[in-house]
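Encoded as structure tokens, the structure appears first; notes follow it.
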Amino acid sequence: MNFIEKIKKNDNLYFALRNKKVIIGISIFLFLLIVAIFGPLIAPYDYEEFAGQPYLSPSLEHFMGTSIFGRDIFSQVIYGLRSTFVVGFIGGTIGTIIGLIIGFFAGYKSGSFLDELLMMMTNMLLVIPTIALLIILSAYLPYRGVITQSMIIGFTSWPWVARAVRSQTLSLRNKEFVNLSRISGASSFKIIKDDIAYNMFSYVFMVYILQFAGAILTSVSLDFIGLGPTRGISLGLIMQNAVNWNAIQLGLWWWAILPGVILTVLVTSLYFINTGLDEVFNPTLREM
């Protein structure tokens, strides 16, 4: 069996490679990821380095112009993109893992004390405004790095995942294959892992994409109100500095707008991937 035949035999992979949204989204995402990973090799300057005269508009020497301090915006965006990916990966991963664990066990043990306890914790966090909690946690930390910010976002972003996964688990817990595993004496953990989680892989994958994008947007919100990392650089911090120093009013539109465009492109690529995969995993929405 050659490579093409293997792809055709795997329905999801076959339709994913035919879906334009998935291809476009993954292409943009991977391009930005490569730029972020190899940023120091691409960036002509360090993000804090004085690169030339201030107020310079985009040119061949400075692709995205310079800031009011004479720093190269292109270099800052490349370094900031790396931090943005770190926030998305760590924050999205932590939020997804916590939400999955709570959602799976609460759904499988529906009606039990464990279910009531886990859902009580989830509902308590749901009624507390997340951004307010993030502001309080961030404001009282004397030092905030990108990793710290990512962990704060991850540990506060899981409740909606838990509720969504619990709902899906409830629809699977009484299926025949789950009952057979239960009768055979399999442990709850094994049933959740092998039967329920396995059959929810596509749903979990799309949840992670949403968590990844949500973590990025939450970090930008914190950056904008001055509660971003106290050291380092991110796309949100670049835009926040531009706003604080009246970049638009001074005519330095490239300082404020171009980082926002890059951020928008990144989040849009995740949206394309998510909607495209929804069409792939849902046979009624597939593009034939």
With a 4.5 Å limit on heavy-atom distance, are the side chains of Arg182 and Asn179 in contact? yes
Hey, are the side chains of Ile153 and Ser219 touching, using non-hydrogen atoms and a 4.5 Å cut-off? yes
Between Met239 and Phe224, is there a side-chain heavy-atom distance shorter than 4.5 Å? yes
Over 60° means perpendicular and under 30° means parallel, so tell me whether Tyr45 and His62 are parallel, tilted or perpendicular. parallel
Checking side chain to side chain contact (heavy atoms under 4.5 Å, CB included) for the pair Glu49/Ser75: CA distance, chi angles, key distance, verdict? CA-CA 9 Å; Glu49 182 181 351; Ser75 299; over 6 Å; no
Shortest non-hydrogen separation from Gly88 to Ala215 and the atoms involved: CA-CB, 4.1 Å
Does a side-chain heavy-atom distance below 4.5 Å link Ile23 with Ser27? yes
Connected via hydrophobic side-chain network under 4.5 Å: Met206 and Phe201: no
Of all heavy-atom pairs linking Ala106 and Asp115, the shortest is O-OD1, 3.1 Å
Using the side chain to side chain contact (heavy atoms under 4.5 Å, CB included) rule, take Lys190 and Ser181 through it: C-alpha gap first, then chi angles, then the decisive distance, then the call. CA-CA 9 Å; Lys190 183 174 177 59; Ser181 296; over 6 Å; no
Would you say Leu56 ends up clustered with Phe63 if hydrophobic residues are merged whenever their side chains have heavy atoms under 4.5 Å apart, either directly or through other cluster members? no
Is there side-chain contact between Asp72 and Pro44, with heavy atoms separated by less than 4.5 Å? yes
Side chain to side chain contact (heavy atoms under 4.5 Å, CB included) between Val146 and Val87: does it pass, once the steps are laid out? CA-CA 7 Å; Val146 174; Val87 170; 3.7 Å; yes
Verify side chain to side chain contact (heavy atoms under 4.5 Å, CB included) between Phe69 and Glu48, making sure each step is shown before the conclusion. CA-CA 10 Å; Phe69 306 108; Glu48 290 183 325; over 6 Å; no
Kindly compute the distance separating CE (Met64) from CG (Leu258), expressed to the nearest 0.5 Å. 5.5 Å
Within 6.0 angstrom of Tyr271 OH, more than 12 heavy atoms from elsewhere: no
Closest approach of Gly276 to Lys21 (non-hydrogen atoms, all atoms of both residues): CA-CB, 3.9 Å
Would you mind listing every side chain to side chain donor-acceptor pair (under 3.5 Å) that reaches into residues 81-98, with sequence neighbours excluded? Thr93-Tyr208
Would you give the length of the straight line joining atom CE of Met119 to atom CD1 of Ile102, rounded to the nearest 0.5 angstrom? 7.0 Å
Would a single hydrophobic cluster contain both Phe113 and Met120, if residues Ile, Leu, Val, Met, Phe, Trp and Tyr are joined by side-chain heavy-atom contacts under 4.5 Å? yes
Can you list the residues that meet the side-chain hydrogen bond (donor to acceptor under 3.5 Å, both in side chains) rule with Asn274, with sequence neighbours excluded? none
Going by the angle between their ring planes, with limits at 30° and 60°, are Phe85 and Phe29 parallel, tilted or perpendicular? perpendicular
Tell me if a side-chain donor or acceptor on Asn246 pairs with a main-chain N or O of Gln249 at a distance below 3.5 Å. no
From CG (Leu118) to CG (Leu114), nearest 0.5 Å: 4.5 Å
4.5 Å side-chain heavy-atom contact, Ile97 and Trp158: no
Nearest 0.5 angstrom please: Phe105 CZ to Leu100 CG, how far? 11.5 Å
Looking only at heavy atoms, the pair that brings Ser157 and Gly91 closest together is OG-O, 4.2 Å
Shared hydrophobic cluster for Tyr198 and Val207 (ILVMFWY, side-chain gaps under 4.5 Å): no
Could you tell me whether a side-chain N or O of Thr66 sits under 3.5 Å from a main-chain N or O of Gln53, the two making a donor and an acceptor? yes
Would a hydrophobic clustering, with Ile, Leu, Val, Met, Phe, Trp and Tyr connected at side-chain separations under 4.5 Å, put Phe205 with Val165? yes
Find out whether Tyr55 and Trp255 are in side-chain contact, i.e. whether some heavy atom of one side chain is under 4.5 Å from a heavy atom of the other. no
Check Gly103 against Thr169 and note the closest heavy-atom contact, atom names and distance. O-OG1, 3.9 Å
Is it the case that atom CZ in Arg163 sees more than 12 heavy atoms from other parts of the structure closer than 6.0 Å? no
If we count only N and O atoms by modelled type, under 3.5 Å, do the side chains of Asn241 and Ser67 hold a donor and an acceptor together? no
If you draw a 6.0 Å radius around CZ in Phe31, do more than 12 non-hydrogen atoms from other residues or ligands fall strictly inside? no
Could you measure the distance from the CD atom of Gln76 to the CG atom of Leu237? Nearest 0.5 Å is fine. 9.5 Å
Interatomic distance, OG1@Thr156 vs CD1@Ile94, rounded to 0.5 Å, equals 10.0 Å
Count the heavy atoms of every other residue, nucleotide or ligand shown that sit under 6.0 Å from OH of Tyr203, and state whether that count exceeds 12. yes
Contact between Asp195 and Leu172 at the side-chain level, heavy atoms closer than 4.5 Å - yes or no? no
Residues Ile147 and Ile90: closest non-hydrogen pair is CD1-CD1, 3.4 Å
